[in-house]
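Lettering of chains follows the sequences in order, A, B, ..., and the numbering in each one begins at 1. Here the structure is a predicted model, which means the values were calculated and not measured.
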Amino acid sequence: MKARKSSGLSLFLYKHNTLKNSKNISLKKIFALIDCNSFYASCEKVFSPRLENKPVVVLSNNDGCVISRSKEAKEIGIKMGEPAFHMTDIIEKNNVAVFSSNFALYGDMSNRVMEILNNFSSDIEIYSIDEAFLEISGMNIKDYEAYGHKIRNTVLQWTGIPVSVGISTTKTLAKVANHLAKKHDAFNGVMDLTNSNDFEKALKLTPVNDIWGIGWQFSKFLKEQNILNALDLSKMNDSWIRKHLHIVGLRTVEELRGKPCISMESNPPGKKGITHSRSFGTAVTEYSILEEAVSTFTSRCAEKLRKQNSYVTVITVFVMTNRFSDDPKYVNFKTLHITTPTNNTPELIEHAAKLLKLLFKKGYRYKKAGVMFTELIPATHEQLSFWDNIDRSKQKKIMPVLDRITATMGKDVVKYAIQGTHRRWKLRQEKLSKKFTTKWDELLEIDLDKI
DNA sequence: TCTGGGGTCCTAGGACCC
DNA sequence: TCTGGGGTCCTAGGACCC
């Protein structure tokens, strides 16, 4: 009886598994990762052809540290995240072109790239400003490498931005392929890693710190264990990985082995929190300036909030002095749970200003401030408070008008008085390029006589 | 003088409940 | 007094991504 039962079960499992396996083979997914090379630096190069083959770097807000480097800049040894003031020598010696970050330009260029990618698959996940996954299985593509080159050539021709393409059966392996395509000129920017016979070789060429999902801390730990590349890691047993790299690490390793665990997020859900914070160009001591900054940050958060059609219930304001200087230190934040969730700018500015009033202490040199919105809820879940005496129907009509003006005419064309008129807290942006693609009076001009 | 900004998910531990 | 197993919720902190 017992034997019959178990053989029945194993027969069932056998059938079930073979069925599942055959299904897997026919439905095997193929992911392509398209990643713009040195994105911000490449955007600057598009509009300054004289910089071709020259080292270019882009600095973070406030011209603080390097956040993007062209290939040439990497070659002369400029490091990611290096503070700008450490690099004066190397910049002068190599005639490096330095830019302040111009997110209006990069955002617009990103949209153009993504629109093009949309033509190459109906299933696209925009993963970051310069990266997207495409799901390209079931499209009857005979030659993935050729398809990758078609993508690459089209983006380059239509936008001037060079991209690398990695193609494989999981997102993590597509990342591996993309890295290899970037690193080794022989691939010419495209690597097809869909054949599992190539997995071992590719993994061996990938150091642990280059694996998507393995950061600085885990890399250090793995190297201490003499696990040096993706192949070494993929051979570790599951319980060991689970213990030391936790569930997220195990998922990464399964993906390296070719088992898809991370699916496409084609319609990402709204953000769970929205933050806007900035360091100031020069330290701020005056309350009114801080208030202007915090109001403006709040206004930005509220714009983002309305864009994803949410209301906020918890609002936090923080201020801090310079961590790096000898000035007296002060870091603090205050949080408010608001009774009636809202996305109305003037109301939120009022809350933020109250919080700032509680935070502000005279005599400190403030270097940074920020506003955070958390506990967001869909705008459809509105709950009216019994004590609420604000006319919300009127407000609801104003905000879309404000957003439309902002969208067509630019940020802060219309703003609230409390935000001030002079941006006295402004960033340092000494090397800002023009808004070539989003402002009429900053279009690129070409002198035909000189061509 | 000058050191970015904006996110996600998971885990461990404490408080509290039955 | 604090025995024992189970659960939930919350928070802080740590890891990661770009």
What class does the angle between the rings of Tyr106(A) and Tyr40(A) fall in, given that below 30° is parallel, 30 to 60° is tilted and above 60° is perpendicular? parallel

Any Lys/Arg nitrogen of Glu82(A) or Arg69(A) sitting under 4.0 Å from an Asp/Glu carboxylate oxygen of the other? no

Taking the six-membered ring for Trp, are His184(A) and Phe187(A) parallel (under 30°), tilted (30 to 60°) or perpendicular (over 60°)? perpendicular

Check DNA chain C against residues 97-131 of chain A and give the residues with a non-hydrogen atom under 4.0 Å, in numerical order. Tyr127(A), Ser128(A), Asp130(A), Glu131(A)

Mind listing the residues from residues 227-254 of chain A sitting with a heavy atom below 4.0 Å of DNA chain C? Number order is fine. none

Other residues, nucleotides and ligands only: do more than 12 of their heavy atoms fall within 6.0 Å of NZ on Lys304(A)? yes

Whole angstrom is fine here: how far is it from CE in Met80(A) over to P in dG4(B)? 13 Å

What's the CZ-P distance between Phe297(A) and dG6(B), to the nearest Å? 8 Å

Taking DNA chain B as the partner, which of residues 274-290 of chain A come within under 4.0 angstrom of it by heavy atom? Ile274(A), Thr275(A), His276(A), Ser277(A), Arg278(A), Ser279(A)

Are Phe133(A) and Phe31(A) close enough that their ring centres sit under 6.0 Å apart? no

Provide the closest heavy-atom pair for Ile338(A) versus Thr342(A) in the form atom of the first, atom of the second, distance. CD1-CG2, 4.1 Å

Output the rounded distance in Å from CE (Met372(A)) to C1' (dT8(B)). 13 Å

Please check if the side chain of Ser234(A) supplies one atom and the backbone of Leu231(A) the other of a donor-acceptor pair under 3.5 Å. yes

Hey, which of these two, Leu427(A) or Arg365(A), hits DNA chain B nearer its 5' end, going by closest nucleotide? Arg365(A)

Gly273(A) near the nucleic acid: base, sugar-phosphate alone, or nothing, with a heavy-atom cut-off under 4.0 Å? sugar-phosphate

Measure up the His276(A) and Phe297(A) rings against each other and bin them: parallel (under 30°), tilted (30 to 60°), perpendicular (over 60°). tilted

Hey, are Glu254(A) and Arg257(A) close enough for a salt bridge, meaning a charged N less than 4.0 Å from a carboxylate O? yes

Once each nucleotide of nucleotides 9-16 of chain C is scored for protein heavy atoms under 4.0 Å, what B/S/- sequence comes out, 5' to 3'? ------SS

Let's test your reading of the pairing rules: Watson-Crick or G-U wobble, both distances under 3.5 Å, then write DNA chain B as a dot-bracket string with ( ), [ ], | and dots. ....||||||||||||||

Here the distance between atom C1' of dT3(B) and atom CG of Asp326(A), to the nearest Å, is 15 Å

C1' spacing across the pair dG4(B) / dC17(C), given as an integer number of angstrom: 15 Å

Ionic contact status for Asp403(A) with Lys307(A), cut-off 4.0 Å: no

Just say parallel, tilted or perpendicular for the rings of Phe436(A) and Phe47(A), cut-offs at 30° and 60°. parallel

Whole-Å gap separating P (dG4(B)) and CE (Met320(A)): 11 Å

Less than 3.5 Å apart, any donor N or O on the side chain of Tyr416(A) or Glu292(A) sitting next to an acceptor on the other? no

What class does the angle between the rings of His246(A) and Phe218(A) fall in, given that below 30° is parallel, 30 to 60° is tilted and above 60° is perpendicular? tilted

Is it true that Lys171(A) and Glu125(A) have a side-chain N and a carboxylate O under 4.0 angstrom from each other? yes

If only side-chain N and O atoms of Lys368(A) are considered, is one of them under 4.0 Å from the OP1 or OP2 phosphate oxygen of dG5(B)? yes

Rounded interatomic separation in angstrom, taking CG from Asp210(A) and C1' from dC18(C): 15 Å

Test your reading of the model: is there a side-chain donor-acceptor pair from Asn178(A) to the backbone of Leu33(A), 3.5 Å cut-off? yes

For the pair Glu72(A) and Lys74(A), find out whether any cationic side-chain nitrogen is under 4.0 Å from an anionic carboxylate oxygen. no

dC18(C) phosphate, OP1 or OP2: any side-chain N/O from Lys175(A) under 4.0 angstrom? yes

Check Glu286(A) with Arg424(A), please: is the shortest side-chain N to carboxylate O separation under 4.0 Å? yes

Rounded interatomic separation in angstrom, taking NZ from Lys329(A) and C1' from dT3(B): 13 Å

Please report, rounded to the nearest Å, how far the C1' atom of dC17(C) is from the CD atom of Glu255(A). 15 Å

Got a sec? Which of residues 55-79 of chain A come in under 4.0 Å of DNA chain B, heavy atoms? Ser60(A), Asn61(A), Gly64(A)

Short N-O contact, Asp63(A) and Arg428(A), less than 4.0 angstrom: no

Between Arg112(A) and Asp108(A), is the closest basic N to carboxylate O distance under 4.0 Å? yes

